[in-house]
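Accompanying notes for the structure given below.
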Amino acid sequence: MIFPHRVTLKRHTETESTLGGVNRTHAADSVAYRCFFQPQRESLDIVNNSGGRNMVVNIYAEPDMPVSATDQIVFDSKTYEVTGVIEQFSPRGVNHLKITARVMDFV
């Protein structure tokens with residue numbers, strides 16, 4: 001598979017809050033990876049009386065990319081939150097990753 005795009009990955013870390021919940025923070029540093037970036041669908045949503053464009057994308061990446069749900073991926077100056085990662089197999093094993101991510105732009 002050819003990966004013509006470059007994205008940066010911001011891994012998340014989890015710490016326990018003082019109230020017993022979980023705080024997620026993202027690394028300030030990021031690592032660049034080659035991938036194929038493909039918009040999947042867009043919708044116009046209303047959140048807290050404010051309109052926003054909700055975009056879901058598929059990102060196909062090398063199988064050694066260390067990505068997991070709630071990490072962030074930056075592409076074309078937009079930050080996407082990873083919602084899922086699925087390994088895609090060939091007869092020889094894992095061929096690539098299919099990453100689903102989303103972003104909401106408020107207008």
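Nothing fancy with the numbering, it's 1 onward along the sequence. Values below: all heavy atoms of this structure, side chains included; hydrogens, waters and symmetry mates excluded.
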Next item on the list: Indicate the atoms forming the closest heavy-atom contact of Val94 with Pro63, along with that distance.
Entry: CG1-CB, 3.5 Å

Notebook entry, point to check: Do Val56 and Ile86 sit in the same hydrophobic cluster, where Ile, Leu, Val, Met, Phe, Trp and Tyr count as joined when their side-chain heavy atoms come under 4.5 Å apart?
Noted result: no

Item checked: Linked, directly or transitively: Met55 and Phe37 (ILVMFWY side chains, under 4.5 Å) -> yes

Check: Sub-3.5 Å donor-acceptor pair from the side chain of Arg11 to the main-chain atoms of Pro66, do we have one?
Finding: yes

Notebook entry, point to check: Atom CD in Gln72, atom OG1 in Thr79: separation rounded to 0.5 Å?
Noted result: 5.5 Å

Item checked: Side-chain donor/acceptor of Arg102 to backbone N/O of Val57, under 3.5 Å -> no

Check: Could you give the distance from CD1 (Ile59) to OH (Tyr33), rounded to the nearest 0.5 Å?
Finding: 13.5 Å

Note to self: Just verifying a value: how many Å separate His96 NE2 and Ser90 OG, rounded to the nearest 0.5 Å?
What the structure shows: 9.5 Å

Checklist line | Approximate separation, where rounding is to 0.5 Å, of Gln88 CD and Asn95 CG | finding: 8.5 Å

Next item on the list: Determine whether Ile73 and Leu97 fall in the same hydrophobic cluster, where Ile, Leu, Val, Met, Phe, Trp and Tyr are linked whenever their side-chain heavy atoms lie under 4.5 Å apart.
Entry: yes

Check: Just by modelled atom types, is the Thr83 backbone N or O under 3.5 Å from a matching donor or acceptor in the Thr100 side chain?
Finding: no

Notebook entry, point to check: Does some side-chain heavy atom of His5 sit less than 4.5 Å from a side-chain heavy atom of Phe36?
Noted result: yes

Checklist line | Single-linkage hydrophobic cluster Val85~Met65, side-chain heavy atoms < 4.5 angstrom | finding: yes

Next item on the list: Give the cluster check for Val103 versus Leu9: same hydrophobic cluster or not, with ILVMFWY residues linked at side-chain heavy-atom distances below 4.5 Å.
Entry: yes

Item checked: Heavy-atom pair of closest approach, residues Ala32 and Arg6 -> CB-NH1, 3.8 Å

Next item on the list: Evaluate the side-chain proximity of His12 to Ser68: yes if any heavy-atom separation is below 4.5 Å, no if none is.
Entry: yes

